[in-house]
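What follows is one structure encoded as structure tokens, with my remarks underneath.
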Amino acid sequence: MTETLSGTVTDPAAAPSDVVLDVRGLNVEYATADGPVRACVDVSFELRRGEILGVAGESGSGKSTLITALTRLQRPPAVTSAGQLLYHGRDGAPPIDLVTLSGRELRRLRWTTLSIVLQSAMDALNPVMRVGAQFVDALRTHDRRLDKRAAWEQAAELLGMVGVSADRARAYPHELSGGMRQRASIALALACRPDLVVMDEPTTAVDVVMQRQILAQVLRLRRELGFAVVFVTHDLSLLLELADRVAIMYAGRIVELGTAASLYAQPRHPYTRGLRDSFPPLHAPLRRLTGISGSPPDLRRPPSGCPFHPRCRERFDGCDERLPVLRDVGGNDVACHLYPEGS
């Protein structure tokens, strides 16, 4: 990099070369009249190049707060109160801490390094601009040498890349179906070839058939372009099929992190097991689904000890007193007192 971006960096030589984003001790709070509410607490993970990391959990678990913090899109009263978001570029330069960057510095990185696909494509696309014009705007902002005609041609190519006819570049968002709008949003996020794409439940508003088509496009494009993905959803069964690794969030914390295969075959945390067993298998004998009793905790008044203990069927004495630490258990990182240190 010829021009240095500001940012607090810690021991860049220690970071593996295949890591694109290193999240360390991230805390996000919401300011309220009764004091700060912690929506993300000590969140840490590494995202490797070309990897799909799924983030799952019930509503209120902190998923949306996490992705707005990762993309620096949070607005007051939300604030990142602690932690680092270390981005590692492909050029081997020292990592950049996204938390400390100014708005101007972030603008340079957005779309070219970090982009986002929002869950409501109709709200994400400007309703009074033609779809192609929104691609042109992003492309020419980050490449001043690109003339308007070439940018329109690239817009048509990008739409074709996600299975939308090139002639739809001249259409307005309301003239496209929901699935076409969602795929256009994905193409827009990839327009400047970013290293990392954050996807916030991108298939929520479409039917099952279109959902599968969109996910197939994401997997194909990931293989071709090599970008990493943070894919956020409440649908664990979807992530078990799509993601390389999955992080399970509860009450603002990661309670289990492991490969999709291990979370499906042998989930360690009782909450992860409850989420997995809430979805019916496609090929299995008929059985009653039990789900998870109770409701997620009120983050304004979180329970003492393990935040899941009021709903946990495997709780025992001490679960309501001590907060479990996230640590390695059989290859997965798990925060649960069922696995004492040294087990």
Under 3.5 Å side-chain donor-acceptor pair for [X] and [Y]:
X    : Y    : value
H234 : E58  : no
Y264 : T259 : no
S304 : D320 : no

field: Whether over 12 other heavy atoms sit under 6.0 Å from R220 CZ
entry: yes
message: Counting only heavy atoms from other residues, nucleotides and ligands, does the tally under 6.0 Å from CG of D147 exceed 12?
response: yes
Should the pair [X]-[Y] be classified as a salt bridge under the 4.0 Å nitrogen-to-oxygen rule?
X    : Y    : result
R245 : E51  : yes
R90  : D195 : yes
R300 : D298 : yes
K148 : E153 : no
R273 : E314 : yes

message: For D97 and T100: C-alpha separation, side-chain torsions, deciding distance, then whether side-chain contact (heavy atoms from CB on, under 4.5 Å) applies.
response: CA-CA 6 Å; D97 187 359; T100 63; 3.7 Å; yes
For [X] versus [Y], what's the shortest heavy-atom pair and its separation?
X    : Y    : result
V23  : L70  : CG2-CD2, 3.8 Å
P267 : R276 : CD-NH1, 3.3 Å
L236 : A56  : CD1-CB, 4.3 Å

Determine whether [X] and [Y] make a side-chain contact, defined as any pair of heavy atoms from C-beta on separated by less than 4.5 Å.
X    : Y    : result
V28  : V79  : no
M249 : V55  : yes
P307 : P302 : no
V117 : P202 : yes
L196 : T113 : no
R311 : I292 : yes
Q154 : L146 : yes
R193 : L225 : yes

message: What verdict does the salt bridge (Lys or Arg N to Asp or Glu O under 4.0 Å) test give for R222 and D244, after you've listed the backbone C-alpha separation in whole Å, the side-chain angles of each residue and the deciding distance to 0.1 Å?
response: CA-CA 12 Å; R222 189 273 302 257; D244 299 305; 3.1 Å; yes
- prompt: Is R170 positioned over the aromatic face of W152, cation under 6.0 angstrom from the ring centre and no more than 45 degrees off axis?
  reply: yes
message: Using the rule given for side-chain contact (heavy atoms from CB on, under 4.5 Å), can you reason through L221 versus V162, listing the C-alpha separation, both sets of side-chain angles and the distance that settles it, and then say yes or no?
response: CA-CA 8 Å; L221 293 169; V162 295; 3.7 Å; yes
- request: On the 0 to 90° scale, with breaks at 30° and 60°, tag the Y172-H174 ring pair as parallel, tilted or perpendicular.
  value: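 Because their plane-to-plane angle is under 30°, the rings of Y172 and H174 count as parallel.
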message: Using 30° and 60° as the class boundaries, would you call the ring planes of F308 and H269 parallel, tilted or perpendicular?
response: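 Tilted, since the angle between the ring planes falls between 30° and 60°.
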Pair E175-R181, salt bridge (Lys or Arg N to Asp or Glu O under 4.0 Å): steps then yes or no: CA-CA 9 Å; E175 296 178 302; R181 288 196 298 265; over 6 Å; no
message: I'd like to know whether R145 forms a salt bridge (Lys or Arg N to Asp or Glu O under 4.0 Å) with D143, so could you lay out the CA-CA distance, the side-chain angles of the two residues, the decisive distance to 0.1 Å, and finally the verdict.
response: CA-CA 5 Å; R145 298 168 298 177; D143 186 357; 3.4 Å; yes
